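Step one of this worksheet: look at the structure below.
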Amino acid sequence: MINIRFPDDSVRQFEPGISSLDIARSISPGLARQIYAATVNAEVRDLGRPVNEDADIVFHKWEDKEARDTFWHTSAHLMAYALEELYPGIKFGIGPAIENGFYYDVDTGEGVVISESDLPSIEKKMKELAGKNESVERTEISKSDAMKLFTDKGDEYKTELIEELEDGTISLYRLGKFTDLCRGPHLTDTGDIKAIKLLSVAGAYWRGDEKRKMMTRIYGITFPKQKMLDEYLVMLEEARKRDHRKIGRELELFSFSPRVGMGLPLWLPRGADLRQRLIDFLTAELKRRGYSIVSTPHIGNVELYKTSGHYEKYGADSFRPMNTPQEGEQFMLKPMNCPHHCEVYNATQHSYKDLPVRMAEFGTVYRYEQHGELHGLTRVRSFTQDDAHHFCEPDQMKEEFKKIIDLVQWVFKSLGFNIYTAQISLRDPEDSEKYIGTDENWEKAQKAIIEAAGEKNLETTIVEGEAAFYGPKLDFMVKDAIGRQWQLGTIQVDYNLPERFDLNYTGADNQKHRPVMLHRAIFGSLERFVALLIESTAGKLPLWLSPDQVIILPISEKYHDYSKKVLNFLNNSDIRTLIDERSEKIGKKIRDNELKHIPYMLVIGENEENTQTVSVRKQGEGDKGVMKLQEFVEFFKLKEKEEFE
RNA sequence: GCCGAUGUAGCUCAGCUGGUCAGAGCAGCUGAUUUGUAAUCAGCAGGUCGGGGGUUCGAAUCCCUUCAUCGGCUCCA
């Protein structure tokens, strides 16, 4: 008998070879119906796989990522099965579960194109196959047999994958007539896959390598119940309504013009106003936190970027250098502010007593992003970084890091960004050649980052090999309306530029020393930040950020005190207040001239229960509903506003 | 840059397989209306159907090309 231990620490005995599913059944048939995978001794496994030894077991219901991954992974196989039926000779790359659904990369062969219009027929085939409720069978196979199998099949993608696998770890999963190389785990059968929706098709390079073949990637999602799919699709639809490009146009915040050039945002008056408020808000805080504001030109001599090394590394991806009447002289639009700031540092002499030096600039930079990369305000060719550089002694690095993390947390919290992730990028320990700087410095910097994050209680994921060539970094990421991750804030250690620009300070020992340079941005760029601010708040920007708010205060005595209270609460903000006297003149004026471009209108009133209320009306969408004062405060995140002032 | 899709008035869209197909609603303008929680009434104006080339007696509709946008890939100082 084997001992199986459950999450509640209870232990029960079973015959060796029993499947996880049968163990679940022995507890309750209901549980068995709800689970899709099990973690057995820290390994996520198929429910059907036998358990032969003592084990800790955790069952995964739909709420667990492990369950959904398993469900979607099997769905990917189901789709591949359908594709093989519909497109004989099709070859398969990889087909994993992703955060929402799954995809499969396929090579349809010469002259065969799968486009969105083909998706319904593939879906139909999937439903038909799923309906047969065929079971999924796992077999383990030797590397040579696996090679033979897929070589015979002529699938060069799978054989390439097998090449890289260790013998003895290779497994196959068979679903009906479709057999795939796969680690698993999988559902025991396809009967649970009731609702299927293929979402889109896209090109994707084999193994993510631009030089290799472009495969067709088909995205889909499945659920155990039709209702869940319906809800998901509604949710997607809602998310699309929050798209900052749509809201930006509706609220007249920003625009693009082909005549100006793609990827070059035009801030309309209201958007520029919002942008300026963010700048003012952050600038005030930076001054409180010991930053100096500097200002540098939009262009720089090519020599500047040759000194920094950026020209060599990124020159080809930049806007082309521009010539001057002076023979041989060339300037570039600045793709980053760092080199300029190094020269600002060099303009004066520095003592260890002055460090750390913190200089900030809202610096507009220009990068020639690839055509297909441009995306609303989140990826543009001209954007303004809330850039800053800290120059400090090596021993001060950790403290500076903590200060920056604190600032990021403060800003994000103030603006209502509660959901973000932080990622620490370290160098690839296998390949220190790629990086500039001594091992000692790297170790020191990496340790400082990890410790600083820990001390600030920042939850981070650590990724090796993602560091920039000049130093490790800490990035803050936020998701947009449809779940794409974007990097906003970043803190980076740099050993490269201080060397190249020969930056130094005089130490207590009267010797020259090299400062450590930290790059840092909180918003990342104002453009991207505004985009994500819009999407995360669905356009309901914090009141103090929203331009042209109007409050209509009823003049009638009945509401007078209450109106005053609200006004008092909102205190000297930029909200314009209009007093509606119900008079013809003013009534007409408000309706015809004042309200038409105002994103929100707040109207003071009273509900049926005689509770005083504030209703929020969004231009073009009508009444957003009446809310009580407290809800109203929450809605516009007014509490934070009080903290600012 | 690559794969796929899309591109009709300021906005959202209708226009099926080429022949009254250049349309609607909203927004705009003019006038009337003043009714307390979006869209009252009447009238007017708006588009060489993304640009260029081609096929055809005839193209918004078919083909080629180009630009832009959307979904991805790649890249991202």
Side-chain angles (χ1 to χ4, degrees), chain A residues 103 105 107-108 113-119 199-219 240 243 245-246 249-250 252 255-259 261-263 305 308-318 334-339 365-376 378-379 381 385 387 468-471 473 482 484 486-487 490 492 494 496-497 519 521 524 552 554-556 580-592 595-598 601-606 613-626:
Chain A
Y103 67 79
D105 283 346
D107 177 359
T108 51
V113 176
I114 295 178
S115 72
E116 233 136 285
S117 54
D118 300 315
L119 297 184
L199 297 164
S200 63
V201 345
Y205 296 105
W206 170 235
R207 317 212 78 180
D209 186 342
E210 198 170 353
K211 290 176 192 69
R212 307 197 62 176
K213 192 173 170 64
M214 169 78 59
M215 304 185 75
T216 304
R217 177 170 297 179
I218 305 174
Y219 287 90
R240 279 193 244 279
D243 191 317
R245 291 165 295 194
K246 180 175 153 64
R249 185 170 50 232
E250 286 169 359
E252 296 179 5
S255 178
F256 290 90
S257 152
R259 257 200 284 269
M262 57 200 206
Y305 303 104
S308 70
H310 290 118
Y311 184 82
E312 188 189 358
K313 199 163 169 56
Y314 299 107
D317 302 325
S318 302
K334 73 174 167 189
M336 74 291 294
N337 304 298
C338 333
V365 299
Y366 304 85
R367 299 178 184 178
Y368 194 80
E369 300 294 351
Q370 286 192 74
H371 163 260
E373 267 308 312
L374 300 173
H375 181 93
T378 51
R379 182 147 230 105
R381 285 178 172 170
Q385 297 178 314
D387 209 358
F469 73 95
Y470 51 78
K473 61 178 180 171
I482 61 171
R484 289 177 291 222
W486 296 94
Q487 180 199 311
T490 180
Q492 310 185 354
D494 190 339
N496 179 39
L497 292 182
H519 304 258
I552 295 189
I555 197 69
S556 86
D580 180 354
E581 294 176 349
R582 297 190 70 174
S583 84
E584 293 86 297
K585 276 184 197 164
I586 291 184
K588 178 178 169 63
K589 192 179 166 206
I590 290 172
R591 261 176 223 95
D592 291 355
L595 300 186
K596 57 189 177 189
H597 288 304
I598 288 160
M601 185 164 66
L602 310 178
V603 186
I604 314 296
E606 181 175 85
T613 59
V614 177
S615 72
V616 180
R617 220 170 80 195
K618 186 177 173 193
Q619 184 66 30
E621 279 188 29
D623 210 328
K624 276 297 196 187
V626 178

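None of the values given here were measured: they were computed from a predicted structure. Throughout, protein chains are lettered first and strands after them, A, B, ... in sequence-line order, and every chain is numbered starting at 1.
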### Query
For A/Met262, which residues count as a side chain to side chain contact (heavy atoms under 4.5 Å, CB included) partner, sequence neighbours excluded?
A/His371, A/Leu374, A/Arg381
### Message
In whole Å, measure the gap between the C1' atoms of B/U55 and B/A14 for me.
### Response
27 Å
#### Entry: Atom-pair distance (CZ on A/Arg217; P on B/C73), nearest Å
6 Å
### Task
Could you state the atom-to-atom distance from OH of A/Tyr219 to P of B/G71 in whole Å?
12 Å
### Query
Rounding to a whole Å, what distance do you find between A/His375:NE2 and B/G1:P?
19 Å
### Query
Reckon A/His519 touches a base, only the sugar-phosphate, or nothing at all at heavy-atom distances under 4.0 Å?
nothing
### Message
Test of understanding: with side chain to side chain contact (heavy atoms under 4.5 Å, CB included), list the residues that count as partners of A/Ser200, not counting sequence neighbours.
### Response
A/Glu116, A/Tyr219
### Watson-Crick or G-U wobble partner of B/U40, both distances under 3.5 Å
B/A32
### Query
Side-chain contact, heavy-atom cut-off 4.5 Å: A/Tyr305 with A/Lys334?
yes
### Task
Taking atom C1' in both B/C64 and B/G47, compute the distance separating them and give it to the nearest angstrom.
25 Å
### Query
When all nucleic acid strands are considered with a 4.0 Å heavy-atom cut-off, which category describes A/Phe256: base, sugar-phosphate, or nothing?
nothing
### Message
Base, sugar-phosphate or nothing for A/Ala204? Non-hydrogen atoms, less than 4.0 Å.
### Response
sugar-phosphate
#### Entry: Side-chain heavy atoms of A/Trp486 within contact of A/His375, under 4.5 Å
yes
Identify the pairs formed between an N or O of the protein and an N or O of nucleotides 5-14 of chain B at a distance under 3.5 Å, and give each distance.
unit_1: B/U12; atom_1: OP1; unit_2: A/Arg249; atom_2: NH2; d: 2.9

#### Entry: Non-hydrogen atoms of A/Ala204 and A/Met214 that approach each other most closely
N-SD, 3.1 Å
### Task
In whole angstrom, give the distance that lies between atom CZ of A/Arg259 and atom P of B/G51.
13 Å
### Which residues share a side chain to side chain contact (heavy atoms under 4.5 Å, CB included) with A/Asp494, sequence neighbours left out
A/Tyr470, A/Asn496, A/Leu497, A/Pro498, A/Met517, A/His519
### Query
Rounding to the closest angstrom, what is the interatomic distance between B/C11 and B/U69 at atom C1'?
16 Å
### Message
Using Watson-Crick or G-U wobble geometry with both distances under 3.5 Å, which nucleotide pairs with B/G25?
### Response
B/C11
### Task
Using atom CD1 of A/Ile114 as one end and atom P of B/G4 as the other, report the distance to the nearest whole Å.
12 Å
### Interatomic distance, A/Leu497 CG vs B/A77 C1' [rounded to whole Å]
10 Å
### Task
State whether A/Arg484 places a side-chain N or O below 4.0 Å from either non-bridging phosphate oxygen (OP1 or OP2) of B/G71.
yes
### Task
Using the P atom on both, measure B/G71 against B/C29 and round to a whole Å.
33 Å
### Task
Provide the distance between the two C1' atoms, one in B/A68 and one in B/U8, to the nearest whole Å.
15 Å
### Task
Could you check how far CG of A/Leu119 sits from C1' of B/G71, rounded to whole Å?
12 Å
### Task
Flag the pair A/Pro335 / A/Tyr368 as yes when at least one side-chain heavy-atom distance between them is below 4.5 Å, and no otherwise.
no
#### Entry: Test item: A/Ile218 and A/Ile114 side chains (from C-beta on) under 4.5 Å apart, heavy atoms
yes
### Query
Hey, is the side chain of A/Tyr205 pairing donor to acceptor with the base of B/G72 inside 3.5 Å?
no
### Span that lies between the C1' atom of B/A38 and that of B/U30, in whole angstrom
23 Å
### Query
Between B/A42 and B/G51, how far is it from one P atom to the other, in whole Å?
34 Å
### Task
Please figure out whether A/Met336 or A/Gly208 has its closest RNA chain B nucleotide nearer the 5' end.
A/Gly208
#### Entry: B/C62 versus B/A45 - spacing of their C1' atoms, nearest Å
34 Å
### Message
Holding to side chain to side chain contact (heavy atoms under 4.5 Å, CB included), I want the full list of residues that pass it with A/Arg212, two or more places apart in sequence or in another chain.
### Response
A/Glu160, A/Trp206, A/Arg207, A/Asp209
Identify each atom pair where a protein N or O and an N or O of nucleotides 67-69 of chain B are less than 3.5 Å apart, giving names and distance.
none

### Query
Between atom CG in A/Asp209 and atom P in B/C3, what is the gap in whole Å?
16 Å
### Summary
Note: A/Asn337 and A/Gln385 closest approach over all heavy atoms is ND2-OE1, 3.0 Å
### Query
Paired with B/C2: which nucleotide, if any, by Watson-Crick or G-U wobble criteria at under 3.5 Å for both distances?
B/G72
### Task
Name the orientation of the base relative to the sugar in B/G53: syn if the glycosidic angle is within 90° of 0, else anti.
anti
### Query
With respect to the side chain of A/Met214, which nucleotide from B/A77, B/C75, B/C2 is positioned closest?
B/C2
### Message
Checking salt bridge (Lys or Arg N to Asp or Glu O under 4.0 Å) between A/Asp243 and each of A/Arg245, A/Arg240, A/Lys246, which is the one that passes?
### Response
A/Arg245
### Message
Under 3.5 Å for both donor-acceptor distances, Watson-Crick or wobble: does B/G18 have a partner, and if so which one?
### Response
none
### Task
With rounding to the nearest 0.5 Å, note down the distance linking CG in A/Asp107 to CE in A/Met215.
5.0 Å
